Amino acid sequence: MPSFEASLEFAQSQDQTDILFPFRERFHFPQHNGMDVHYFCGNSLGLQPKSVSYLMEKELQDWAAYGVEGHFNAALPWFKYHHFFSERLAKIVGADKDEVVAMNTLTVNLHVLMQSFYQPKGGRYKILMEAGAFPSDQYAMETQVRMHGFDPYDAIIEISPREGEYIIEEDDIIEAIMKAGTSLALVVIGGVNYYTGQFFDLQRITAAAHYVGAYAGFDLAHAIGNIPLKLHDWDIDFACWCSYKYLNSGPGGVGGIYVHERFGNDPQFFRLGGWWGNDENTRFKMQKGFIPQKGAASWQMSNAPVFNMVAHNAALDIFEKAGMKELKAKSDNLTGYLEFLLNQITNLSFEIITPADPARRGAQISMLFAERGREVFDHLANSGIIADWREPNVIRVAPVPLYNTYQDVYRLYEVLSFM
Ligand SMILES: *Cc1c(COP(=O)(O)O)cnc(C)c1O
């Protein structure tokens, strides 16, 4: 247990010895009264890397200079643009480079993957998910089961926190999987719950799903770039994510998928086809017959959205330089410091609903207010502190290790203490 102090001097000394401190220089910060805001919203929309505008300009110049020839002659040829992301993404999610690809956006990818991993047969048609999942995931599951002719109230099993609790007991998830048994087709859970910040034991959930013959897939919107993952070693079947939260790749930025190699390397395993998923050697032969290329890249349909991927490229370079291990180490300490400071506050009444165990959370603390929540949130905003408000009464604060400082966290505490 690190020993923290509620003082500005302590926060400053932590910043001075923080090896990741210089990374904040690589980002643009919104301004408040002529000063950088204290930005705690990196879990909702990450900040813009300063290198994006230069890289975007270069890409525009290649388009102007080459026209269609840019597919092969651009500095980063568009024909194989998605390849430039695989190695760096693979490191971030713990997979082989052939098991990941940057493509589409998150909810689209969830639907695309479900065409492969949700094919109900006989009595096996149920999907298990967490109650209160991100709305987009709820809508996706609801319409998927409807598409196959099932009633969502019957086909979707939702796991809730126990009475009076906020986080979901993993034992309850495992028990429900066992109980569903051969009726269960698929488990789909958000790796980190967006509301509470709870990080689930993906390996344990996957093992249970496999035990009853179901697939396990995860929405990693709030996990990627936040918590080091080992998707391959944990034997996860599939996953998808967006890149505009912790990954700082811009609004509507390109998403990505992971598919375990046992499916990616099996050309018989069903996936919806498109020319970009086809074998690259025959892609331009315009022949009949979809021949999936190797790996997750075979789930691609359209050619790469190059301009959308420029920011992703810039952002992944920063992650490569910082390192997920170093980021998680700082993240644990910084989030721990925030938690320590919040626990000193006596003038406001709120409860922290994020797990206290650093292994079960990332860079996030969710505060549940009994009263005055909205007023507190507005006061923070007026003080140049950008947090996130979730109806009906939660303030989420994400101290992101790439660009947040101990002094940011201290300032938040100071403003709250003097309300
Ligand atoms: C942010 C988020 C989304 C957003 O989906 P898009 O398709 O990228 O708009 C979906 N699911 C979860 C869990 C999220 O956190």
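Counting starts at 1 for both ligands and their atoms, in listed order. Side chains included, hydrogens not; waters and symmetry mates left out as well; all remaining heavy atoms used. This is a predicted model, so every value here is computed, not measured.
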Engineer: Centroid-to-centroid, Tyr125 to His148, below 6.0 Å?
Structural biologist: no

Engineer: In terms of residue, atom name and distance, what is the protein heavy atom nearest to atom 11 (N) of ligand 1?
Structural biologist: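 For atom 11 (N) of ligand 1, the nearest protein heavy atom is Asp137 OD1, 2.7 Å.
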
Engineer: Give the residue, atom name and distance (to 0.1 Å) of the protein heavy atom nearest atom 3 (C) of ligand 1.
Structural biologist: Phe134 CE2, 3.3 Å

Engineer: Around Tyr54, counting heavy atoms of other residues, nucleotides and ligands shown, do more than 12 lie under 6.0 Å from its OH?
Structural biologist: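 Not more than 12 within 6.0 Å, no.
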
Engineer: Could you check atom 1 (C) of ligand 1 against the protein and tell me its nearest heavy-atom contact, residue, atom and distance included?
Structural biologist: Lys245 NZ, 1.4 Å

Engineer: Nearest protein heavy atom to atom 4 (C) of ligand 1, by residue and atom, and its distance?
Structural biologist: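 Protein heavy atom at minimum distance: Tyr244 OH, 3.1 Å.
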
Engineer: Taking the six-membered ring of Phe307 as reference, does the NZ or CZ atom of Lys58 fall below 6.0 Å from its centre and within a 45° cone about the axis?
Structural biologist: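 So Lys58 doesn't make the cation-pi contact.
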
Engineer: If you take all heavy atoms of Tyr258 and His232, which pair is closest and at what distance?
Structural biologist: OH-CA, 3.6 Å

Engineer: Strictly below 4.0 Å, N to O, side chains only: are Lys330 and Asp332 in salt-bridge contact?
Structural biologist: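 No, no charged N to carboxylate O under 4.0 Å.
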
Engineer: Under 4.0 Å from any heavy atom of His222, which atoms of ligand 1 are there?
Structural biologist: 15 (O)

Engineer: Heavy-atom contacts with Thr107 under 4.0 Å: which atoms of ligand 1 show up? List them by number with element.
Structural biologist: 5 (O), 6 (P), 7 (O)

Engineer: Specify the protein heavy atom at minimum distance from atom 13 (C) of ligand 1: its residue, its atom name, and the distance to 0.1 Å.
Structural biologist: Asp219 OD2, 3.1 Å

Engineer: Hey, is Arg262 close enough to Asp237 for a salt bridge, meaning N to O under 4.0 Å?
Structural biologist: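 Yes.
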
